**Student:** 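Got a structure here, written out as structure tokens. Questions coming.
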Amino acid sequence: MSNYHFNEIEAKWQKYWEENQTFKAENFSEKPKYYVLDMFPYPSGAGLHVGHPLGYIASDIYARYKRHQGYNVLHPQGYDSFGLPAEQYAIQTGQHPAKTTTENIKRYREQLDKIGFSFDWSREVRTSDPEYYKWTQWIFIQLFESWYCKLHEQSFPISDLIGVFGKEGNIGLNAKCGNELPDFSAAMWNSFSEEKKQKILLNYRLTYLAETEVNWCPKLGTVLANDEIVNGVSERGGFPVIKKKMTQWSMRISVFGERLLKGLETLDWSESLKETQRNWIGKSVGASVEFRLLDEKKEFKSIAIKTFTTRPDTIFGVTFLTLAPEHELVDRITTIDQRIEVGEYVTVSAKKTERERMADVKNITGVFTGAYAKHPITKEPIPIWIGDYVLAGYGTGAVMAVPCGDQRDYDFAKHFGIPIKNIFEGIDISEKAHSEKEGTIIVNSDFINGLSYKEATDKVIEKLEKKHRGAKEINYRLRDAVFSRQRYWGEPFPVYYKDGLPQMIAAKHLPIRLPEIEKYLPTETGEPPLGRADVWAWDTNNNKIVSNEHIDNIIIFPLELNTMPGWAGSSWYMFRYMDALNKEEFVSKEAMDYWENVDLYIGGSEHATGHLLYSRFWVKFLKDRGFLSIDEPFKKLINQGMILGESAFVHRVEGENKLVTSRQIEGLNTQSIHVDISFVNTSNELDIEAFKNWRPEYKDAEFITEEDGTFKVSREVEKMSKSKYNVVNPDDICTQYGADTLRMYEMFLGPLEQAKPWSTAGITGVHSFLKKMWRLFHSGVDESLFVTDKPASKDNLKTLHKTIKKVIEDIENFSFNTSVSTFMIAVNELSTQKCNSKEILAPLLVLLSPYAPHISEELWSKLGNKESISTASFPKFKENFLLEEVKKYPISFNGKMRFTLELPLDLSKDEIESVVMSHEKTIHYLEGRTPKKVIIVPGKIVNIVA
RNA sequence: GCUGAAGUGGUGGAAUUGGUAGACACGCUGGACUUAAAAUCCAGUGGACAGUAAUGUCCGUACGGGUUCAAGUCCCGUCUUCAGUACCA
């Protein structure tokens, strides 16, 4: 008996691969290297659904393909097991995150194993493993011990900077790098107390402690980075976020803006993803312009309001200034008469949540400060306003408002009756502002009259620089990333506090292990859960964690209570796989130099402004400091599209216990209720009994059915999720159809990068292909293996090489969906040709093995091979089976056009004619200026001139 | 609003540098096998018109134009959908 028993075959080969360590990668090899990486999963509690493995299947196909091509392939997998998702699941189930994480990982591993991936599990990493996060802590220390020189665009050890301060102070640095810190000389530096020195250094370190306005999410009990907020609510859970001042660790990613931007040019990523990162970095080129406060009593002579503009050419159109409500000068410049009004306005806007402020965009609000500034060129008095359309976090938090050239300034001016000055020739601004830069001549503007945007911009900047009232400036939207989380389930900081100042724990004492505490829940007020640990202080004599009780002793100090965010561990994991067991270094130089960077990275596009940006930042930093030899971690990136679920709904008549079949709901006032898709068949018919048992409240409900007694549900495509009852579990598919069918079907669904709904209905097509493939190797009579050494026919070879060509092209282009079709066509053709030649079938198996590894291994071994099919080399495409030697024949087309036709030598006229009539052949179009290729349409050739 | 991607049968989707549009699969229809069903296999399947038939003709890739011997593909304009981003000065 020799039917295709996929369950047995798959279990057999998965065991074989594990026992033989078939996919273990060596760190050094004569072969060229290739590194294929998946974005490692968060082990959440729900387990995998069919959407999760999509990217893993694609990367696995590619990894297996590269092995066949003779590469030494690194294809590892691990778990991003620290962070909010893992912790939220623990909180929901009331279990300790350490416990749920271990359980979830076990479940994930079982599910992954069933699909037959070629992962090298000997290199598994878990970000929550102390042996792993030891190095995350180590990298944090390196960041703390480094600063960024804007002049050299590079990070250096902080000790270099201390050396410079001791010799020259920071005056030179401020001038060269445009730092805004108060100047000090070498003598002053040397006279500073240690405490003051440390405080100054925090302004330079790449990770620093500062009181900043952060995004606080009370429901999650933690602060969030900008990329963790979507539409003003938290990405995880969708809870409100408010602004709050807190002392937090931050990462100085902003100084890397330019390099992160430039690096994108070298990467093979999708244009849309690069664009997302470019927008996030948000570079804008413009100028800073300084407006000095107009003050007759000369009290505030030195107060200057710095603004940023991308339109220096419109400087003569300025009719007011607007400050953000949070601007630091608001208090100082507001006149006595305006104090109450301004105070109220500032308080009200501070109370708004991120979301309210976004929702309020159309409401124009603002208040006059009573103060005036002097225009830097015309010296005219300019009124200073406050408005919340100006953001404290961007530029300088103050704008020079040009109502004629900016719609927001225009709306503000109209709303408050501020004059609008037109500086554009022949442009009507009675209805709206004119914001296009190009194609306008500037007027009413003194020395730039008659100039275009570009010329005027240069002239104005030149003038401002001469008057010391401004300079050319580049601004980035990219903000420093908050790095503290008031959560339990994350990496502890290797930091203790002495006299209120942070101190690093020496690297040799790492890891600082996360203490085991009973109450790990976050608090709404923001006290970190680690504050509840009884043993969480640092003994500097013995270099170990000790009980809190001893604090105040001179050698025992409080430890940092916050933990690191989820993206800490995922920012460098791709290097740990290279050398996962190394106890001495996070990755050895040899391993690093061999594997270099990830050649192919596959994962979701939702990480565009988080993980993919942060890890690029860390890698650039580690490269600067000599710990890595490469500058960009991910050479090629593919974003797999999400697989969506097809939810099913029953319709209940509003206010009645009556359910109506989907075709009869028209005209009725009904409410849709999600129903578990396992109660619905492919014809959308509901199993009414199962539904009644599932939802007892409808036990006695009235069912309005079709005439034939069936009850139909309606369908809708949504994100696959437990709460929508539309989850399809890959385990079930594996049991019913096998992993090879699942793998091929997931690829067959559509283009890899496109979002698409899952529908189990079509899976039979792929499954019956595998059955046909199996049958191709077996005789129809007694079902034993029926493969011969007979030479292949010409037709057989043609089919094979056509398939080789297409499959290689498809894999190289990541069009895995079309190669599934190619296999189907090949098997159909070979069945028709009754091909049983080993010369054809063996290479076909190798070709198929990346897609359907289990069946390929089984048939491969049946053919008498002792080694795993993964060691076989990929068949090579030979063109001569498809094309023949050619000779040029001029022909004419439709009796008018003359072409040259390339055809085999020594053909008779009849043969040429039959070729032309039946095949696609390339000919050159001669009558046009440039020769073009055309395909002959059979039957339309009138004359062939030999 | 801005940026990016896309719009092809009943459905998912194929179509090298412009060259027989709808591969492959699902679904549907018919047939074979079967007591029957399932499974399996075979055939048909964009639309309209003509023909007993083989077949032929015309129309068809969101819409309107254009370039070309030839356009799903290139150019201009319009509409729609999806995704990202959003008071960024």
Side-chain angles (χ1 to χ4, degrees), chain A residues 230-232 270-280 282-284 286-287 289 307-311 314 321-322 324 357-358 360-364 387-391 393-402 405-409 411-412 435 475-479 605-606 608-609 639 641-642 682-683 744-745 748-751 753-769 771-772 775 805-806 809 813 815 817-826 828 831 893-894 896-899 918-923 925 927-928 932-940:
Chain A
V230 177
N231 294 328
S270 74
E271 200 43 49
S272 67
L273 196 93
K274 285 194 201 177
E275 198 58 29
T276 306
Q277 287 212 346
R278 278 188 207 115
N279 291 340
W280 192 261
K283 179 180 181 174
S284 39
V289 184
T307 61
F308 173 75
T309 181
T310 52
R311 298 291 305 274
T314 62
L321 298 184
T322 318
R357 197 159 159 168
M358 281 168 68
D360 241 14
V361 169
K362 287 187 193 94
N363 269 343
I364 296 162
D388 69 0
Y389 79 96
V390 177
L391 304 175
Y394 183 76
T396 59
V399 300
M400 51 170 245
V402 184
D406 182 284
Q407 194 56 44
R408 289 155 304 168
D409 296 342
D411 294 340
F412 195 86
S435 51
N475 230 297
Y476 297 92
R477 197 188 82 118
L478 185 67
R479 302 262 67 91
S605 56
E606 67 272 20
T609 52
N639 294 124
M642 208 192 312
T682 48
S683 313
M744 293 196 84
Y745 185 58
F748 184 68
L749 272 178
E753 300 187 61
Q754 192 177 298
K756 55 228 159 215
W758 173 272
S759 141
T760 308
I763 202 167
T764 52
V766 171
H767 189 58
S768 59
F769 154 74
K771 285 196 273 189
K772 274 187 208 168
R775 239 180 293 131
K805 185 171 187 237
K806 189 73 168 64
E809 272 171 17
N813 297 325
S815 332
N817 53 330
T818 50
S819 26
V820 178
S821 302
T822 308
F823 284 120
M824 291 179 177
I825 295 166
N828 280 339
S831 301
F893 187 76
N894 279 351
K896 278 182 186 172
M897 304 303 162
R898 292 177 61 84
F899 299 91
S918 60
H919 288 278
E920 296 179 358
K921 285 289 163 186
T922 305
I923 61 177
Y925 172 46
E927 292 212 333
K932 292 178 183 176
K933 288 177 184 175
V934 298
I935 302 269
I936 291 173
V937 181
K940 288 200 175 169

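Please read these numbers as outputs of a predicted model, since none were measured by experiment. Hydrogens, waters and symmetry mates are skipped; everything else that's a heavy atom, side chains included, is used. In the text below, chain A, chain B and the rest are named by the order of the sequence lines, each starting its count at 1.
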**Student:** Can you tell whether the side chains of A:R278 and A:E275 come within less than 4.0 Å, N to carboxylate O?
**Tutor:**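 Yes, A:R278 and A:E275 are salt-bridged.
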**Student:** Let's see if you can work this out: which of B:rC24, B:rA89, B:rA14 has an atom nearest to the side-chain heavy atoms of A:P751?
**Tutor:**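 Between B:rC24, B:rA89, B:rA14, the one nearest the side chain of A:P751 would be B:rA14.
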**Student:** Counting the atoms with a prime plus P, OP1 and OP2 as sugar-phosphate, which does A:V820 contact under 4.0 Å by heavy atoms, base, sugar-phosphate, or nothing?
**Tutor:**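 Answer is nothing: A:V820 stays at 4.0 Å or more from every strand.
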**Student:** Using a cut-off of less than 4.0 Å, is there contact between a side-chain N or O of A:Q754 and OP1 or OP2 of B:rG13?
**Tutor:**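 A:Q754 to B:rG13 OP1/OP2: side-chain N or O found under 4.0 Å.
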**Student:** Closest to the A:N828 side chain: B:rC26, B:rA25, B:rA14?
**Tutor:**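 Comparing B:rC26, B:rA25, B:rA14 against the side chain of A:N828, the answer is B:rA25.
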**Student:** Select base, sugar-phosphate, or nothing to describe what A:K772 touches, counting heavy atoms under 4.0 Å on all strands.
**Tutor:**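 Sugar-phosphate, no base atom in range.
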**Student:** Ignoring backbone atoms, establish whether A:S284 has a side-chain N or O less than 4.0 Å from OP1 or OP2 of B:rA89.
**Tutor:**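 A:S284 to B:rA89 OP1/OP2: side-chain N or O found under 4.0 Å.
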**Student:** Just name whichever nucleotide pairs with B:rA53, Watson-Crick or G-U, keeping both distances under 3.5 Å, else none.
**Tutor:**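 Matched B:rA53 with nothing under the 3.5 Å cut-off.
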**Student:** What integer number of Å spans the P atoms of B:rC88 and B:rG18?
**Tutor:**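 The answer is 41 Å between these two P atoms.
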**Student:** What nucleotide, of B:rC41, B:rG4, B:rA86, holds the atom closest to the side chain of A:R477?
**Tutor:**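 Side chain of A:R477 sits closest to B:rA86.
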**Student:** Between A:K771 and A:E275, which is nearer to the 5' end of RNA chain B once each is assigned its nearest nucleotide?
**Tutor:**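 Taking each residue's closest nucleotide, the earlier one in sequence belongs to A:E275.
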**Student:** Between B:rC75 and B:rA5, how far is it from one P atom to the other, in whole Å?
**Tutor:**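 One P to the other, the span is 12 Å.
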**Student:** Taking a pair as Watson-Crick or G-U wobble with both distances under 3.5 Å, which nucleotide is matched to B:rU61?
**Tutor:**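 Result: none.
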**Student:** Tell me the partner of B:rA15, counting only Watson-Crick (N1-N3 plus N6-O4 or O6-N4) or G-U wobble (N1-O2 and O6-N3) with both under 3.5 Å; none if nothing fits.
**Tutor:**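 Across all strands, not a single nucleotide pairs with B:rA15.
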**Student:** Taking A:V390 as the fixed residue, which of A:T322, A:T396, A:L321 is the one that meets the side chain to side chain contact (heavy atoms under 4.5 Å, CB included) rule?
**Tutor:**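 It is A:T322, the one option of A:T322, A:T396, A:L321 that forms the side chain to side chain contact (heavy atoms under 4.5 Å, CB included) with A:V390.
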**Student:** Strictly by Watson-Crick or wobble contacts shorter than 3.5 Å, is anything paired with B:rU3, and which nucleotide is it?
**Tutor:**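 Matched B:rU3 with B:rA83 under the 3.5 Å cut-off.
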**Student:** Any side-chain to backbone donor/acceptor pair from A:N475 onto A:S284? Under 3.5 Å, distance only.
**Tutor:**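 Side chain of A:N475 to backbone of A:S284, a donor-acceptor pair under 3.5 Å: no, none is there.
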**Student:** For B:rA36, which nucleotide in any strand shown is its Watson-Crick or wobble partner with both distances under 3.5 Å?
**Tutor:**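 Matched B:rA36 with nothing under the 3.5 Å cut-off.
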**Student:** Could you tell me if the side chain of A:L749 sits less than 4.5 Å from the side chain of A:W758, heavy atoms only?
**Tutor:**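 In contact.
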**Student:** Could you measure between the two C1' atoms, the one in B:rA86 and the one in B:rG22, and give it in whole Å?
**Tutor:**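 Going atom to atom, C1' in each nucleotide, I get 40 Å.
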**Student:** Measure CG/A:N817 against P/B:rC26 and give the value in whole Å, please.
**Tutor:**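 Between P of B:rC26 and CG of A:N817: 16 Å.
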**Student:** Find the distance A:I763:CD1 to B:rG13:P and express it as a whole number of Å.
**Tutor:**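 The answer, rounded to whole Å, is 16 Å.
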**Student:** If B:rC88 has a Watson-Crick or G-U wobble mate with both distances under 3.5 Å, name it; if not, just say none.
**Tutor:**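 The answer is none; no pair meets the criterion.
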**Student:** Quote, to the nearest angstrom, the C1' distance that separates B:rA21 from B:rU16.
**Tutor:**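 Between the two C1' atoms, the distance is 15 Å.
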**Student:** Tell me every residue that passes side-chain contact (heavy atoms from CB on, under 4.5 Å) with A:V289, counting only those two or more places apart in sequence or in another chain.
**Tutor:**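 Per chain and number, A:V289 pairs via side-chain contact (heavy atoms from CB on, under 4.5 Å) with A:F291, A:T307, A:T309, A:I315, A:P376, A:M400, A:L464.
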**Student:** What nucleotide, of B:rA39, B:rC87, B:rA25, holds the atom closest to the side chain of A:F748?
**Tutor:**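 Within the option list, the nearest is B:rA25.
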**Student:** Pairing check on B:rA71: which nucleotide meets the Watson-Crick or G-U wobble criteria with it, both distances under 3.5 Å?
**Tutor:**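 Paired with B:rA71, as far as the under-3.5 Å criterion goes, is no nucleotide at all.
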**Student:** Would you measure the distance from the P atom in B:rA25 across to the matching atom in B:rG46 and give it in whole Å?
**Tutor:**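 One P to the other, the span is 15 Å.
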**Student:** A:K274 has an atom NZ; how far is it from atom C1' of B:rG84, in whole Å?
**Tutor:**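 Taking NZ of A:K274 and C1' of B:rG84, I get 17 Å after rounding.
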**Student:** For A:T609, which contact category applies under a 4.0 Å heavy-atom criterion: base, sugar-phosphate, or nothing?
**Tutor:**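 The answer is nothing, as A:T609 stays clear of every strand by at least 4.0 Å.
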**Student:** Between P on B:rA25 and CZ on A:F823, what's the gap in Å once rounded to a whole number?
**Tutor:**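 So the two atoms are 15 Å apart, to the nearest Å.
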**Student:** A:K756 side chain N/O closer than 4.0 Å to the phosphate oxygens (OP1, OP2) of B:rG13?
**Tutor:**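 It does not, given that no N or O in the side chain of A:K756 lies less than 4.0 Å from OP1 or OP2 of B:rG13.
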**Student:** Between A:E809 and A:G397, which is nearer to the 5' end of RNA chain B once each is assigned its nearest nucleotide?
**Tutor:**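 Here A:E809 is the residue nearer the 5' end.
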**Student:** Is there side-chain contact between A:I763 and A:F748, with at least one heavy-atom pair below 4.5 Å?
**Tutor:**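 A:I763 vs A:F748: side chains apart.
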**Student:** Taking atom P in both B:rU55 and B:rG4, what distance in whole Å separates the two?
**Tutor:**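 Between the two P atoms, the distance is 49 Å.
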**Student:** Is a donor on one side and an acceptor on the other found under 3.5 Å between the side chain of A:K772 and the backbone of A:M824?
**Tutor:**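 Checked: no pair found.
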**Student:** Provide, to the nearest angstrom, the distance between the NZ atom belonging to A:K806 and the P atom belonging to B:rU16.
**Tutor:**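 It works out to 9 Å between those atoms.
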**Student:** For A:L391, report the nucleic acid contact type (base, sugar-phosphate, nothing); a contact means any heavy atom under 4.0 Å.
**Tutor:**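 It contacts base atoms.
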**Student:** May I have the distance from A:W758 (atom CH2) to B:rC26 (atom P), rounded to whole angstrom?
**Tutor:**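 Result: 15 Å.
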**Student:** Quick one: which of B:rC24, B:rC41, B:rC87 gets closest to the side chain of A:S821?
**Tutor:**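 Closest nucleotide to the A:S821 side chain: B:rC24.
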**Student:** Between B:rA39 atom C1' and A:R775 atom CZ, what is the distance in whole Å?
**Tutor:**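 To the nearest whole Å, that distance equals 11 Å.
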**Student:** Can you figure out which of B:rC87, B:rC26, B:rC88 approaches the side chain of A:A761 most closely?
**Tutor:**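 Nearest nucleotide to the side chain: B:rC26.
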**Student:** Ring-plane angle category for A:Y394 and A:F308, please: parallel below 30°, perpendicular beyond 60°, tilted otherwise.
**Tutor:**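 Geometry flag for A:F308 against A:Y394: perpendicular rings.
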**Student:** When the P atoms of B:rC24 and B:rG77 are considered, how many whole Å apart are they?
**Tutor:**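 Comparing P positions in B:rC24 and B:rG77 gives a spacing of 39 Å.
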**Student:** To the nearest 0.5 Å, how far apart are CG in A:L478 and CG in A:N279?
**Tutor:**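 Output value for this atom pair is 12.5 Å.
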**Student:** In whole Å, what is the span from the CZ atom of A:F769 to the C1' atom of B:rA23?
**Tutor:**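 These atoms are roughly 16 Å apart.
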**Student:** Between B:rC33 and B:rA37, how far apart are the C1' atoms? Round to whole Å, please.
**Tutor:**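 13 Å, rounded to whole Å.
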**Student:** Going by a 90° cut-off around 0, is B:rG9 syn or anti?
**Tutor:**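 You should classify B:rG9 as syn.
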**Student:** Whom does B:rG44 pair with, Watson-Crick or G-U wobble, provided both distances fall under 3.5 Å?
**Tutor:**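 Looking at the geometry, B:rG44 pairs with B:rC28.
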**Student:** Which nucleotide sits closest to the side chain of A:T309: B:rA25, B:rA89, B:rU85?
**Tutor:**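 Within the option list, the nearest is B:rA89.
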